[in-house]
Number of protein chains: 2
Amino acid sequence: MSLPHAILTALLEKPSSGLELTRRFDRSIGYFWSATHQQIYRELGRLEEAGLIRALPSAQPARGQKKEFEVLPAGSAELARWVGESQDPKAVRDPLLLRIRAAAVVGPGGLALELRRHLELHQRQLAVYEAIDAKDFPPERTADEDRLRRLVLHGGMALETFWLRWLEEALEVVGDMDPERPGPSAPEA
Amino acid sequence: MSLPHAILTALLEKPSSGLELTRRFDRSIGYFWSATHQQIYRELGRLEEAGLIRALPSAQPARGQKKEFEVLPAGSAELARWVGESQDPKAVRDPLLLRIRAAAVVGPGGLALELRRHLELHQRQLAVYEAIDAKDFPPERTADEDRLRRLVLHGGMALETFWLRWLEEALEVVGDMDPERPGPSAPEA
DNA sequence: TGCTTCATGTAACAAGTTACATGATTAC
DNA sequence: GTAATCATGTAACTTGTTACATGAAGCA
């Protein structure tokens, strides 16, 4: 149940309408928790119903009219509670790792091409993060909230770096393999 | 749509019943794609319906009786197609990164404790992977399918290592912060 | 007989995805 | 006025989660 908390965080950073939130979920917060506009409108409705946020008085409630939301005290409290909650790390669930495992039984086929494509995409994403790092966090700013936001960004950068290194290793392995299916034997990891 | 392919891979490695698959999804393949037994039974039904797998003739179709499945040629073909398919890397979606971001607006609260707990869990998981690496992949084995399976395992190990390093950085940042809210503006309830 | 474990399933729900509908505003 | 865009929303579906149901086999 992270989406409502992602929305609360975004709204605390800046009160917004559904569409503005959608746009921010395409950059910024969305780099770590993506969401479509349908999800966001649905969740805004629930959060309002639950009394955690409210529409700004200035906003008309008509269809097609912009409607801005702000976080109520109950919303801040819920978010603070959630931040310190005990949650187990989520298990890894990655289709690409799974595809490598599948390639071990049916052969790598066109995997090498796909790995090179991913490598490029991750390079591009790392560059995006580095640009944000340079622009939003000049060395002299050291307020606590900036250090935390930078920490999140560093997490994203380190994850992209992980993928780059692993994809290079993967290309070495797949690169000198026969694209046909390998043998039938199989150790159970 | 990765679960059916995870099941096809597991069944190609070794024909199994639903419960056996469930157990293997708790170790082995499940380290990279987890699934509950309800998901597995549902998906086995669909795969059988679609003609990608079939129940072994020896297996009784009675309730409460073990029913083993094997992959049909159509299933292997579908898996091979999927391995080479073009799929964009999945976006990062991690609740812990999100919680750090939230902490930047409502304060870190009890986060440090939670970070230390995660650090320990990731250390433990890395040790599990290292044990598998030593046991299943002695240095002399170099068949293609072993190299691929080892590559997947190395991905898991590198991911755990990423988390360990990042959590250490996070603890440094959070460690010397006031647990109260840092923010530029924030009326408490 | 009653308890536990093995084994397969049903039901209900929550979260996420995809496609489409509709009103309001702005630019030409 | 009409086309594009802004903005909010509905509907239908898929995937994943949680709780519970049911039958078979072993054993004390």
Side-chain angles (χ1 to χ4, degrees), chain A residues 1-8 10-11 15-26 29-30 32-50 53-56 58-69 82 87-95 98, chain B residues 1-8 10-11 15-26 29-30 32-50 53-56 58-69 82 87-95 98:
Chain A
M1 276 241 314
S2 298
L3 178 58
H5 302 96
I7 292 178
L8 288 172
L11 287 181
S16 305
S17 67
L19 192 61
E20 279 162 7
L21 277 178
T22 302
R23 299 239 165 86
R24 292 168 62 196
F25 272 78
D26 282 337
I29 281 212
F32 310 103
W33 201 273
S34 61
T36 62
H37 82 274
Q38 291 87 348
Q39 272 182 286
I40 288 170
Y41 283 117
R42 181 163 59 185
E43 203 60 46
L44 281 173
R46 288 178 192 165
L47 287 168
E48 189 177 23
E49 174 107 16
I53 65 174
R54 68 162 183 182
L56 286 183
S58 59
Q60 273 80 351
R63 182 170 182 133
Q65 293 283 24
K66 192 157 97 170
K67 194 170 158 196
E68 294 204 294
F69 292 92
W82 179 77
Q87 301 172 14
D88 281 348
K90 56 149 213 178
V92 178
R93 218 161 196 230
D94 191 273
L98 204 55
Chain B
M1 278 239 311
S2 297
L3 179 59
H5 302 96
I7 291 178
L8 287 172
L11 287 181
S16 305
S17 67
L19 192 61
E20 280 162 8
L21 277 178
T22 301
R23 299 240 166 85
R24 291 168 63 196
F25 271 79
D26 283 337
I29 282 214
F32 310 103
W33 200 274
S34 61
T36 62
H37 82 274
Q38 290 85 348
Q39 274 182 284
I40 288 170
Y41 284 117
R42 181 163 60 183
E43 204 61 47
L44 281 173
R46 288 177 190 166
L47 286 168
E48 190 177 22
E49 175 107 17
I53 64 173
R54 67 163 184 181
L56 285 183
S58 58
Q60 273 81 350
R63 183 168 183 134
Q65 292 286 19
K66 191 156 98 171
K67 194 170 157 195
E68 294 205 294
F69 291 91
W82 179 77
Q87 300 173 16
D88 281 348
K90 55 147 214 181
V92 177
R93 217 158 196 234
D94 191 275
L98 203 56

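Naming: A, B, ... by sequence-line order, numbering from 1 per chain. Since we're looking at a predicted model, the values are computed, not measured.
Distance, A/Tyr41 OH to C/dC20 C1': 15 Å, rounded to whole Å. Spacing between atom CG of B/Leu21 and atom C1' of C/dC6 amounts to 15 Å, rounded to whole angstrom units. Regarding A/Lys66, its NZ atom lies at a distance of 19 Å from the C1' atom of C/dT22, rounded to whole Å. We find that CG of A/Leu19 is positioned 13 Å from C1' of C/dT25, with the value rounded to whole Å. C/dG16 atom C1' lies 16 Å from atom CG of B/Leu3, rounded to whole Å. Taking atom CD1 of B/Ile7 as the reference point, atom P of D/dG16 lies 10 Å away to the nearest angstrom. Look at NZ on B/Lys67: it is 15 Å from C1' on D/dG23, rounded to the nearest Å. For the pair B/Phe25 CZ and D/dT17 C1', the computed distance is 16 Å after rounding to whole Å.
Nucleotides of DNA chain D nearest to B/His37 and A/Glu20 differ in position, and the one nearer the 5' end is that of A/Glu20.
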Pull out every protein N or O sitting under 3.5 Å from an N or O of nucleotides 12-15 of chain D, one pair per line with the distance.
{"unit_1": "D/dT15", "atom_1": "OP2", "unit_2": "B/Arg46", "atom_2": "NH1", "d": "3.3"}

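Between A/Glu43 and A/Arg46, at least one side-chain nitrogen of the basic residue sits less than 4.0 Å from a carboxylate oxygen of the acidic one, meeting the salt-bridge criterion.
Listed by chain and number, the residues in a ring-ring contact (aromatic ring centres under 6.0 Å, His included) with B/Trp82 are B/His5 (sequence neighbours excluded). Judged as a side chain to side chain donor-acceptor pair (under 3.5 Å), and not counting sequence neighbours, B/Ser2 has no contacts. In this structure, B/Glu48 has no side chain to side chain donor-acceptor pair (under 3.5 Å) partners at least two apart in sequence or on a different chain. With sequence neighbours excluded, no residue forms a side chain to side chain donor-acceptor pair (under 3.5 Å) with B/Ser17. Evaluation of the side chain to side chain donor-acceptor pair (under 3.5 Å) rule for A/Arg54 yields A/Glu70 as partners, not counting sequence neighbours.
The side chain of B/Arg23 approaches C/dA7 more closely than any other nucleotide in the set D/dG9, C/dA7, C/dT17. Comparing atom distances between the B/Gln38 side chain and each of C/dA11, D/dG16, C/dT8 picks out C/dA11 as nearest.
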